[in-house]
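One structure below.
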Amino acid sequence: MSASPPPSPPPPPPAAGEGSATHRFPCLRCGADLRFDPEQGQLVCGFCGDAQPLDGGAPREEALRETDYRSALSAQLPAAESEEIRTARCASCGASFEFDPNTHAAECPFCSTPIVTDTGLRRQIKPQAVLPFAVSERAARKAMTDWLGGLWFAPSGLREYARKGRKMQGIYVPYWTFDADTRSTYRGARGTVYYVTRTVTRNGQKVRQRVQKVRWRPVSGRVARFFDDILVLASRSLPRRYTDALEPWDLSALEPYRPEYLAGFRAEGYTVDLEEGYALAREHMDRVIRRDVRFDIGGDRQRIHQIRTTVSDVTFKHILLPVWLAAYRYRGKSYRFVVNGQSGRVRGERPWSVWKIALAVIAGAALAGAIGYLAARS
């Protein structure tokens, strides 16, 4: 009796990242697609378990070099630094992300809205660096359910639903980083606090009291600061308060962009363009410069009348940062949770259980009534 043939490998999963239609990493043993495994730091076949280390890529210093902002803004980037990709856009949350060309219908990974992949071509600046996933889906799910379990008055059913629900989506979220050299001149005033003693009438009697005053002196000066890697979210799909709460990111672990890191994950295309990203970076710079000016003025109080800032040598990088994402619909309401794919930090929409809150109010009222009754008896 002849042995039965081995099972056929599963169909290739959707790939993400640059050229989803062209970048495939077949297993040398069975032919199924390899996926990047965060725990092993290499490509692993989910069908037969075979592993394949990443071979050497471009030199790190060359690949992670900064790009001149003015050149990019005037469309003078070399053709090799931009690409044309197929993206789908969610009408509900506005997310723009890449889809496998053979996929025609799916759920938006950011808000779980069903969508048909009405794909279109889009030219964008290529990512220059990627922060590979270091937290596995299993670890991210545990971090999320532990976070839910630690919330007061959160519905217990949602935690259980999340624990047993479908797998979390691994998404590479786009960011800009900006470097800039700034020099600022300012005019303002330094305030020195002093006290005088006055006699005042209070309740028909004369009393002496100390009164605080401020003596102001005009000042002017200069401050300078070099800004390195100002991080700006280049996506509109997630609330900024969630992504800001995932910080800090260890950008020293950035690797030159390679599609192997994205195998088995999705990558979101940026929807905040370079110019808008720089405007957000300037807002951050202005806040820091204003703080520097106050420090330079010194004294007990500061007034800033004018700041003039010259910005030079502006450069940028387009990078991808790893986020585990879960979007659940529970009892008619949508909940989104994000997990930092490097550190495991969790943030999301705060769920509330009406029943738990009502029971707590009733229990509190009953306890107050019992204390009042005992106090009256005694």
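Source: prediction; values computed, not measured. We count residues from 1, following the sequence as given.
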Report task. Report the distance from atom CZ of Arg222 to atom CZ of Arg183, rounding to the nearest 0.5 Å. Result -> 10.5 Å
Requested in this report: Measure across Glu268 and Val173 and return the closest heavy-atom pair with its distance rounded to 0.1 Å.
Outcome: OE1-CG1, 4.1 Å
Requested in this report: Output all residues satisfying side chain to side chain donor-acceptor pair (under 3.5 Å) with Tyr195, sequence neighbours left out; order by chain, then residue number.
Outcome: Gln212
**Report entry** CG on Leu231 to CD1 on Ile319, rounded to 0.5 Å
**Finding:** 5.5 Å
Query raised in the report: Are the side chains of Gln205 and Asn203 in touch, meaning some heavy atoms are under 4.5 Å apart?
Result: no
Query raised in the report: After noting the C-alpha distance and the side-chain angles of Ile307 and Arg290, does the key distance pass the side-chain contact (heavy atoms from CB on, under 4.5 Å) rule?
Result: CA-CA 8 Å; Ile307 299 177; Arg290 194 170 184 85; 4.2 Å; yes
Requested in this report: State, with a plain yes or no, whether a side-chain heavy atom of Val130 is found less than 4.5 Å away from one of Arg258.
Outcome: no
Report summary line: Minimal heavy-atom distance between Ala180 and Val314, with the atoms involved, is CB-CG2, 4.1 Å
**Report entry** Same apolar cluster (I L V M F W Y, side chains within < 4.5 Å links), Leu254/Leu246
**Finding:** yes
Query raised in the report: Should the pair Asp229-Lys317 be classified as a salt bridge under the 4.0 Å nitrogen-to-oxygen rule?
Result: yes
**Report entry** Arg301 side chain vs Gly191 backbone, donor-acceptor pair below 3.5 Å
**Finding:** no
Query raised in the report: Where the side chain of Arg215 meets the backbone of Tyr194, is there a donor-acceptor pair that is under 3.5 Å apart?
Result: no
**Report entry** Flag side-chain contact, heavy atom, 4.5 Å: Asp250 against Leu131
**Finding:** no
Query raised in the report: For the atom pair CZ (Arg187) and CD1 (Ile304), what is the distance rounded to the nearest 0.5 Å?
Result: 12.0 Å
Report task. Mind checking the CD-CG spacing from Gln342 to Leu251? Nearest 0.5 Å is all I need. Result -> 8.0 Å
Query - Linked, directly or transitively: Val44 and Phe25 (ILVMFWY side chains, under 4.5 Å) - result: no
**Report entry** From CE (Met285) to CG (Leu280), nearest 0.5 Å
**Finding:** 10.5 Å
Report task. Go through the steps to decide whether Lys142 and Asp146 satisfy the test salt bridge (charged side-chain N to carboxylate O under 4.0 Å, His left out), and finish with yes or no. Result -> CA-CA 6 Å; Lys142 184 180 184 303; Asp146 289 348; 2.8 Å; yes
Query raised in the report: Hey, are the side chains of Pro38 and Val135 touching, using non-hydrogen atoms and a 4.5 Å cut-off?
Result: no
Query - Aromatic ring proximity Trp176/Tyr278, centre distance under 6.0 Å - result: no
Query raised in the report: Would a distance-only check, ignoring hydrogens and angles, find a side-chain to backbone donor-acceptor pair under 3.5 Å from Gln128 to Glu66?
Result: no
Query raised in the report: So Phe133 and Phe265, would you call those rings parallel, tilted or perpendicular, with 30° and 60° as cut-offs?
Result: parallel
Requested in this report: Find out whether Tyr257 and Lys126 are in side-chain contact, i.e. whether some heavy atom of one side chain is under 4.5 Å from a heavy atom of the other.
Outcome: no
Query - Closest contact, heavy atoms only, Cys27 versus Asp50 - result: SG-CB, 3.8 Å
Requested in this report: Please report the shortest heavy-atom distance between Arg225 and Val288, naming the atom on each side.
Outcome: NE-CG1, 3.4 Å
Report summary line: Here the gap from Ser136 atom OG to Asp37 atom CG, rounded to the nearest 0.5 Å, amounts to 7.5 Å
Report task. Please tell me if the side chains of Glu247 and Trp249 come closer than 4.5 Å, counting only heavy atoms from C-beta onward. Result -> yes
Query raised in the report: Looking only at heavy atoms, what is the nearest atom pair of Val211 and Arg198, with distance?
Result: CG2-CD, 4.1 Å
Query raised in the report: If you draw a 6.0 Å radius around CZ in Phe226, do more than 12 non-hydrogen atoms from other residues or ligands fall strictly inside?
Result: yes
Query raised in the report: Do the non-hydrogen side-chain atoms of Leu325 and Tyr242 ever get within less than 4.5 Å of each other?
Result: no
Query raised in the report: Given side chains that start at C-beta, do those of Ile125 and Tyr270 come closer than 4.5 Å, heavy atoms only?
Result: yes
Query raised in the report: Between Phe36 and Tyr261, what is the ring plane arrangement, given parallel below 30°, perpendicular above 60°, and tilted in between?
Result: perpendicular
Report task. For Cys30 and Phe47, work out which heavy atoms get closest and say how close. Result -> SG-CD2, 3.6 Å
